[in-house]
Structure formats: structure tokens, C-alpha cells
Amino acid sequence: MSERSVRVLELVARAAAHRGGAVDIRDVCAAAVAALPVDGAGVSTMVTPALRHVLHFTDRISGELEELQLTLGEGPCADAVRWGVPVLSGDLSAADLHERWPAFAPAAQAAGAGALFALPLAGGSGGVLDLYSARNGRLEADTLADALAFAATAGTLLLSPAAGISVQGSGAMEEVLGFDQYRAEIDQAVGMISEQMGVSIDEAAVRLRAQAYTHGRNLADVSVEVVARRLRFDPDGTPRVRT
């Protein structure tokens, strides 16, 4: 293990000790924000190619950025998963990024982000560590190396209970972090839409995202409407609201 990796593990362990619990994703995010020139962090994992689950975010803006990418299906996180490489967006006001992410880029700026760096987690977990800064600017080489070490630690936490530090399994982690109900509602809504329309889970997830985006709502709120049967979809995809 490299000196950098050891140093990052020590920072994460200190964050867990300060919180008073076993090491989990919360501590990776907290330690990364404290050590790096960023203002917030969030972690999400891929469920299907069209659907992700948020595991943790450190502050309001991080939460909005995770929700935006989840709802819109575009942004640095989606590209990092698709290509398997870090996506480093040092200036979200740049014209090329607005062309690349026409819905996400302006919404991310409106949420308060100037830069966003999406780092795939190690080990093929389908997870991504998102780090945002309120200011524009790129990560210098040494800082990027530290950020990648935090992402590697997060990946190890998700995949290996024998990492040499006290770890929560990913399922237990979602429950500890309070995202179990959030995740369950989205999964149930996608399953219901799939059955109502007679389509695949991935297509149902796209339909759910489109409904949320069209009406300016987050994915979890629309999912609640579907699960409560106040919103359903005809086989042709037409949404029907029960009053």
C-alpha cells in the first residue's frame, strides 16, 4: 500500500473516530472535504445502467447535485460510470459543458457549484465519488492523486468487508445512512412502471426520470406518487394522475 493510501486511510479513520462509529462512506466524504480544496462530496452506486442510488452527501449542494444527476441522467457522474475514468469539470460555466450536459450544467451552477469532479470507485462497484467546489478551478496533479485515493478507499468499503478497517456492507450502509427507504421507494416505483407499461426495468427508470424532470420534481417524490398509486403509466407511456 502506498504512503498516500495509508495517509488517506488514517484521515478516514480519524473522521470515524470523531463521529464515534465504525468507518463507512460518511467518513470518506468528510475526510475528503476536510483534506481537499472542495466544498462537498457525495457517493452514489449504479443499480442498473439507467438507475443509481445515492449513498451519502455532505451538504445541501452536494445533495442537489446528486439528485440532479439521478433525475436528469446526465452529468460528470453518469459519464464517469459510462467511460470508467475520472470526469473533471473545473468550470461548469464553460460552453462545451453546457453543450455536453444541457440540462445538468446550468442546474448545477444554479445550485451553487462552480466545479465538479466525478471519480469512479475502485473495484468495479459502479460507484462514483463526486467532489464539488463553489469556485471554478481544476485539481492540481497532487490533489487529484489524493482525491483518487479517497475514491479507492470508498470502493474498498463498498466491496470488501476484509479491508483491514471496520467496514459496513453496502446494504447495511444504506440503512445506516438513512437511504434504505429512499432506495426502496424508487426501486418499487420503477418495478410498478415496468409492469404497467410492459417494458424493461431500464426503460421504466428512464420514464420515471423523464416524469420527474418534466415537472421539476425530484425522483424520490415522484416515486412516492407512483407507489401510492396516485400516478400510473398507460402502456403507451402516458402518465395518469389520480385525484
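Heads up: numbering here begins at 1 and tracks the sequence. No hydrogens, no waters, no symmetry mates; every other heavy atom, side chains included, goes into these values. Predicted, not measured: the structure shown is a model, and the values here were computed from it.
- Side-chain N or O atoms of Ser194 include one that pairs as donor or acceptor with a backbone N or O of Val199 at under 3.5 Å.
- A pairwise comparison of heavy atoms in Trp101 and Pro106 identifies O-CD, 3.8 Å as the closest pair.
- Side-chain atoms of Gln109 and His98 form a donor-acceptor pair, as typed in the model, at a separation below 3.5 Å.
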Legend entry - side-chain contact (heavy atoms from CB on, under 4.5 Å) between Asp146 and Leu144, worked out: CA-CA 5 Å; Asp146 286 344; Leu144 176 58; over 6 Å; no
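- The backbone N or O of Gly40 lies less than 3.5 Å from no partner atom in the side chain of Thr58, so there is not a single donor-acceptor pair.
- Residues Leu97 and Ser89 come closest through the heavy atom pair CD1-CB, 3.8 Å.
- Checked by atom type, the side-chain pair Thr71/Glu67 shows a donor-acceptor distance below 3.5 Å.
- Residues meeting the side-chain hydrogen bond (donor to acceptor under 3.5 Å, both in side chains) test with Thr214, sequence neighbours left out: none.
- Checked by atom type and distance alone, the side chain of Glu185 never pairs as donor or acceptor with a backbone atom of Ser223 at under 3.5 Å.
- In terms of heavy atoms, Ala154 sits closest to Val28 at CB-CG1, 4.0 Å.
- Using a 4.0 Å cut-off between charged nitrogen and carboxylate oxygen, Asp27 and Arg14 do not count as a salt-bridge pair.
- Contact check for Glu74 versus Pro102: side-chain heavy atoms found under the 4.5 Å cut-off.
- For Ser93, the side-chain hydrogen bond (donor to acceptor under 3.5 Å, both in side chains) partners are Asp91, not counting sequence neighbours.
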Legend entry - Derivation and outcome, side-chain contact (heavy atoms from CB on, under 4.5 Å), residues Leu9 and Thr153: CA-CA 7 Å; Leu9 283 174; Thr153 300; 3.8 Å; yes
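- Nearest heavy-atom pair, Phe104 versus Pro76, reported as atom, atom and distance to 0.1 Å: CE2-CD, 3.4 Å.
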Inset, instruction - For the pair Asp130 and Leu116, evaluate side-chain contact (heavy atoms from CB on, under 4.5 Å) and give the outcome as yes or no after the intermediate values. - result: CA-CA 7 Å; Asp130 283 331; Leu116 183 59; 4.1 Å; yes
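- Taking every heavy atom of both residues into account, Ile61 and Ala111 meet most closely at CG1-O, 3.4 Å.
- The nearest pair of heavy atoms linking Arg242 to Arg229 is CD-O, 3.0 Å.
- Although no hydrogens or angles enter the test, the distance criterion places a donor-acceptor pair under 3.5 Å between the side chain of Arg19 and the main chain of Ala22.
- Arg7 has no carboxylate O lying under 4.0 Å from a charged side-chain N of Glu3, or vice versa, which leaves the two without a salt bridge.
- Under the 3.5 Å distance criterion, with hydrogens and angles disregarded, a donor-acceptor pair is assigned to the side chains of Asp187 and His53.
- Panel note: side chain Gln69, backbone Cys77; a donor-acceptor pair is recorded below 3.5 Å.
- For the side chain to side chain contact (heavy atoms under 4.5 Å, CB included) with Val222, the qualifying choice from His215, Arg209, Gln211 is Gln211, the only one to do so.
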Inset, instruction - Please lay out, stage by stage, how Ser200 and Asp202 fare under the test side chain to side chain donor-acceptor pair (under 3.5 Å). - result: CA-CA 5 Å; Ser200 69; Asp202 278 353; 5.6 Å; no
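- Once rounded to the nearest 0.5 Å, the distance linking CG of Leu129 with CG of Leu131 reads 4.0 Å.
- To the nearest 0.5 angstrom, Phe57 atom CZ is 10.5 Å from Cys29 atom SG.
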